Amino acid sequence: MPKEFEKRPKSLVMKAKRPTGDAVKSAQLNILEGALNEQQLAAVTTDEPCALVLAGAGSGKTRVITYRVAYLLAQGVRPGNILLATFTNKAARMMLHRVEDLTNVPQKRIVGGTFHHIGHIFLRKYADLLGYSRDFTIIDEQDARQLMKVVRKEAPVNFTQKLFPSARLLLKMHSLSINTGQSLDELLVYRFPQFARFIDEIGRVITAYIERKLKRNLMDFDDLLTCFLRVLTEHADAAQAISGRFQHVLVDEYQDTNLVQAQTIKALSAEHGRVFVVGDDAQSIYSFRGANFENIRNFTDDYPNAKLFKLETNYRSTPQILELANEIMRGVPEEFRKLLRAVRSPAERPSVLVCHDAEEQAQFVAEQVLSLREEGIPLPEIGVLYRNHRNSLELELALSRAGIPYEIRGGLRFIEQAHVKDVVAFLSVLANPRDEVAFSRVLDMCEQVGSKTIARIFEKVMPASEPLKEFIKDGAPALARGAGRKSLEALAELFRKLDAMRKEGAGPSDLIRQVVEDFYDAHLLRTYENYAERREDLEQLAIYSQKYRSLRSFLTEVALNQGFTVAEAFAEDAAEEGRVSLSTIHQAKGLEWSAVFVTQMVDGNLPHRMCLNDPSQLEEERRLFYVAVTRAQRHLYLSYPQNTDTRDYLAFNRPSRFLQELPHTAYAHFVVEFSEDDGGSGD
DNA sequence: CTTGGGAATTTTTTT
DNA sequence: AATTCCCAAG
């Protein structure tokens, strides 16, 4: 290990607070000792270069990784030498904020975020090594599907198109193949046998898709990972510069990394081997995205020197909740089973509630929330979880009826709404005119312009070195006749204006307002019924974008930081008493509430019906249930409706097999009935 | 060629 | 139940 690094003056980091290194160290250790238990302290202060922290739910995982960063800083490690990879950008912000509190090191000085975010940072610098230009555009899933659709149509596939996989499916195959390291052939045989006969054709379409992205300077989400890895493995100079910089690599939620991410960590740490990894294999719930919990289970194979730490004290939940959680995981192989020790005092058993239908279930949740509030549990301490977004409908209704403020995590993302994407597309074209997805979206808004005209325009414009100039100047509008021509001319005029504004230093919000004023407003008016609402959204977008000076930084933020939802964007802040959280279980990862409702515990929903035939997917559903249950500190309610009302028939539900597998002693069983005006009643 | 409407298909979780 | 696909009228 490089001696030089070890000797760096400790005062550098802590200058603001305490001048001498030793004083810093002992002060820091005091803080640590008060804040951490023995196991946590051992992990945080280890001298081993490579460490794996296996941390059960609620055992202080986040705390450990946060304090580890603070500890390293106190040891004299420069903030710039630390890399913190987390599962969401929000998580990174929270951790680094905490680090700032502990050490006074501003969070901005440490590189932290998702692998996508980190990859993006360096690709802006090194993308040209891969044949991309550095001002590439990031496309989201929808855009990617659009592009794949185009490529698929163009491909010389002679089969009756119906039997050939859809664009969506092609993307999924491609993505899984990359992220799991399986060849397309293998993947098709094992996961999509019905398409195995199209191997060659599928391969060709996917290759065309990859080439097209490169040609148009577009990167999809997977590219941010794979291209970054390619920089690290194929370009020694760049790799040296990057990995030389990050002397300490820390990874949170390691159980949800995929092969590409694991290889990235490996490449980053190849020289110094200083890796600090935290995770819990029992909480691996992202295999549909290529995540592989073998990464964490086999960590010591990949890193033979790794020192293993286990955190087994659970600070979060009551013994009753933990007992139930342990029952869920009863089946996992012994070597990986964790013994979680509860330190909280005993309380009520978790409840299982049988409701008549989804409405009554929602009503029950609403009333129970009210009585929890009576007991003194504030609304932000209550979480309502479900398997998929659609399950939130009845809950929203019941909560609003009861006058309970709530916020929804996930759901339709603000920027994924059609009208917002429309307006953003104008800016995307401005930033990267070769972005054919955005460009055709814009063209498509012109009246009397359809796919044929768009194709003709592209044919003329795309080969040019500056497609947008070509479009504006060379009369691409002339390619259409009549009304189509008129609207294209209006569009060209708008782009002329935007381009000029941009040269004069206009920011994203100016551009957005201009687009809306000159062009989009009219489109909005004739296309949508709820004109006013959507118009309001766009004003919100303009306001939101004021934070960004450059077009590129705004577009990147929009593409990568999709965290905020429609509800969130409009949440009037500072509601005096806060809000109840509604969330999918996936999005609840890493969070906790005093009281947790897990709703729709119906076989076919949790576990989801699509998973029933595949044992490994079924196990993942079980882990999902485990994650849901372990979010609860004190009160846990598991509920399911007995009937599902579709429009024309009534279905009887089976309770989730996960419920049926639990021993009856683990919970209290209730049948919820609303006979008069309120209340569930005992069995 | 565009557009709108009716038919067919698909259905989870997210960066 | 909602999105995507296809076809036929204008």
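Proteins get letters first, then strands, A, B, ... in listed order; numbering begins at 1 in each. The structure displayed is predicted, hence computed values, not measured ones.
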Measure the acute angle between the ring planes of A:F658 and A:F625, then classify it against the limits of 30° and 60° as parallel, tilted or perpendicular. parallel

Aromatic ring pairing A:F87/A:Y286, orientation class (parallel under 30°, perpendicular over 60°, tilted between): tilted

For [X] and [N], is the shortest distance between a side-chain N/O and OP1 or OP2 below 4.0 Å?
{"X": "A:Q587", "N": "B:dT14", "result": "yes"}
{"X": "A:R168", "N": "C:dT3", "result": "no"}
{"X": "A:T88", "N": "B:dT14", "result": "no"}

Can you tabulate the close N/O pairs, meaning under 3.5 Å, that link protein atoms to atoms of nucleotides 8-10 of chain C?
none

Nucleotide nearest [X] (side chain, heavy atoms from C-beta), chosen from [options]:
{"X": "A:F221", "options": "B:dC1, B:dT13, B:dT15", "value": "B:dT15"}
{"X": "A:S451", "options": "C:dC5, B:dT2, B:dT14", "value": "B:dT2"}
{"X": "A:K149", "options": "B:dT13, B:dT11, C:dT4", "value": "C:dT4"}
{"X": "A:K452", "options": "B:dT13, B:dT3, B:dC1", "value": "B:dC1"}

So what does [X] touch, heavy atoms closer than 4.0 Å: a base, only the sugar-phosphate, or nothing?
{"X": "A:Y286", "value": "sugar-phosphate"}
{"X": "A:E620", "value": "nothing"}
{"X": "A:T453", "value": "sugar-phosphate"}
{"X": "A:K589", "value": "nothing"}

Nucleotide [N], atom [atom2] - distance to [atom1] of [X] in whole Å:
{"X": "A:E416", "N": "C:dT3", "atom1": "CD", "atom2": "P", "answer": "12 Å"}
{"X": "A:Q142", "N": "C:dT3", "atom1": "CD", "atom2": "P", "answer": "10 Å"}
{"X": "A:L591", "N": "B:dT14", "atom1": "CG", "atom2": "P", "answer": "13 Å"}
{"X": "A:R609", "N": "B:dT10", "atom1": "CZ", "atom2": "P", "answer": "16 Å"}
{"X": "A:L169", "N": "B:dT9", "atom1": "CG", "atom2": "P", "answer": "15 Å"}
{"X": "A:R145", "N": "B:dT15", "atom1": "CZ", "atom2": "C1'", "answer": "15 Å"}
{"X": "A:E557", "N": "B:dT15", "atom1": "CD", "atom2": "P", "answer": "13 Å"}
{"X": "A:D222", "N": "B:dT14", "atom1": "CG", "atom2": "C1'", "answer": "11 Å"}

pi-stack flag for A:F115 and B:dT15, centroid dist under 5.5 Å, interplanar under 30°: no

A:Y406: ring pair (Phe, Tyr, Trp, His ring centres under 6.0 Å) partners, not counting sequence neighbours: none

Could you work out, with ring pair (Phe, Tyr, Trp, His ring centres under 6.0 Å) as the rule, every residue matching A:Y626, not counting sequence neighbours? none

Tell me whether A:R152 forms a cation-pi arrangement with A:Y209, defined as NZ or CZ under 6.0 Å from the six-membered ring centre and within 45 degrees of its axis. no

Which residues pass the side-chain contact (heavy atoms from CB on, under 4.5 Å) test with A:A92, sequence neighbours left out? A:T86

How do A:C611 and A:I454 order along DNA chain B: which one's closest nucleotide is nearer the 5' end? A:I454

Nearest heavy atom decides the nucleotide; on that basis, is A:H586 or A:C446 closer to the 5' end of DNA chain B? A:C446

side-chain hydrogen bond (donor to acceptor under 3.5 Å, both in side chains) with A:D614: which residues, sequence neighbours excluded? A:S616, A:Q617

Residues forming a salt bridge (charged side-chain N to carboxylate O under 4.0 Å, His left out) with A:E621, sequence neighbours excluded: A:R387

